[in-house]
Amino acid sequence: MKKQIKYFLSGIIILLISSPIGYFLVNTIYANQNLSGEYITLLNGFIYSFMLVGILVFCMGLVNVFIEKKYK
């Protein structure tokens, strides 16, 4: 059960901090470039990618729960 809790918590934490991480990475990677029309598009891409990672980590925890219940 401890493995699933780690997956659940890390997935939720990644989901919650996906926006600040997205802002930080866009500003870090594209620091010296003019992003007048592309900033929001890039920011949404970064945020959605981190949200997808969080959802996938959370789903790994769910799969782990189902596998553990099946073999008990």
Side-chain angles (χ1 to χ4, degrees):
M1 189 64 179
K2 286 191 177 242
K3 186 185 274 188
Q4 292 90 355
I5 292 174
K6 286 192 290 189
Y7 285 133
F8 291 145
L9 288 179
S10 58
I12 290 171
I13 289 171
I14 291 171
L15 280 171
L16 289 175
I17 63 171
S18 62
S19 293
I21 291 174
Y23 279 110
F24 175 74
L25 282 178
V26 168
N27 291 332
T28 302
I29 294 173
Y30 300 105
N32 296 327
Q33 297 178 0
N34 185 10
L35 300 173
S36 59
E38 301 293 324
Y39 183 77
I40 295 184
T41 306
L42 287 170
L43 181 62
N44 284 337
F46 276 92
I47 290 173
Y48 290 148
S49 66
F50 283 114
M51 290 174 72
L52 181 64
V53 168
I55 290 170
L56 289 174
V57 169
F58 190 82
C59 288
M60 282 176 48
L62 284 176
V63 168
N64 241 348
V65 166
F66 292 134
I67 288 173
E68 187 177 294
K69 282 185 180 181
K70 182 179 179 181
Y71 290 115
K72 265 195 167 182

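What you are looking at is a predicted structure, and each value in this text was computed from that prediction instead of being measured.
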Subject >> Y23 reachable from Y48 in the ILVMFWY side-chain graph, under 4.5 Å edges >> reply: yes

One should read off an interatomic distance between I47 CD1 and L15 CG, to the nearest 0.5 angstrom, of 12.0 Å

Exercise for the section: Identify whether F24 and L16 are in the same connected component of the hydrophobic contact network (ILVMFWY, side-chain heavy atoms under 4.5 Å). Expected result: no

Smallest heavy-atom separation, V57 atom then Y7 atom, equals CG1-O, 3.5 Å

Closest non-hydrogen contact found for M51 with S18 is CG-OG, 3.4 Å

In this structure, CD1 of I5 is separated from OG of S10 (nearest 0.5 Å) by 11.5 Å

| query | Is there side-chain contact between I29 and F46, with heavy atoms separated by less than 4.5 Å? | reply | yes

In this structure, CD of E68 is separated from NZ of K70 (nearest 0.5 Å) by 14.0 Å

Cluster check I21, L42: I/L/V/M/F/W/Y, side chain < 4.5 angstrom: yes

dist I14:CD1 -> F50:CZ (nearest 0.5 Å) comes out at 9.0 Å

The single option from L25, L43, L35 that satisfies side-chain contact (heavy atoms from CB on, under 4.5 Å) with Y30 is L35

For Y39, I'd like to know if atom OH has over 12 heavy atoms of other residues, nucleotides or ligands within 6.0 Å.
yes

task = Check the hydrophobic clustering (I, L, V, M, F, W, Y; side-chain heavy atoms under 4.5 Å; chains of links allowed) and say if I12 and M60 are grouped together.
result = no

Checklist line | V63 reachable from I55 in the ILVMFWY side-chain graph, under 4.5 Å edges | finding: no

Margin query: The test is side-chain contact (heavy atoms from CB on, under 4.5 Å); show your working for I67 and Y71 and say whether it passes.
Written below: CA-CA 6 Å; I67 288 173; Y71 290 115; 3.8 Å; yes

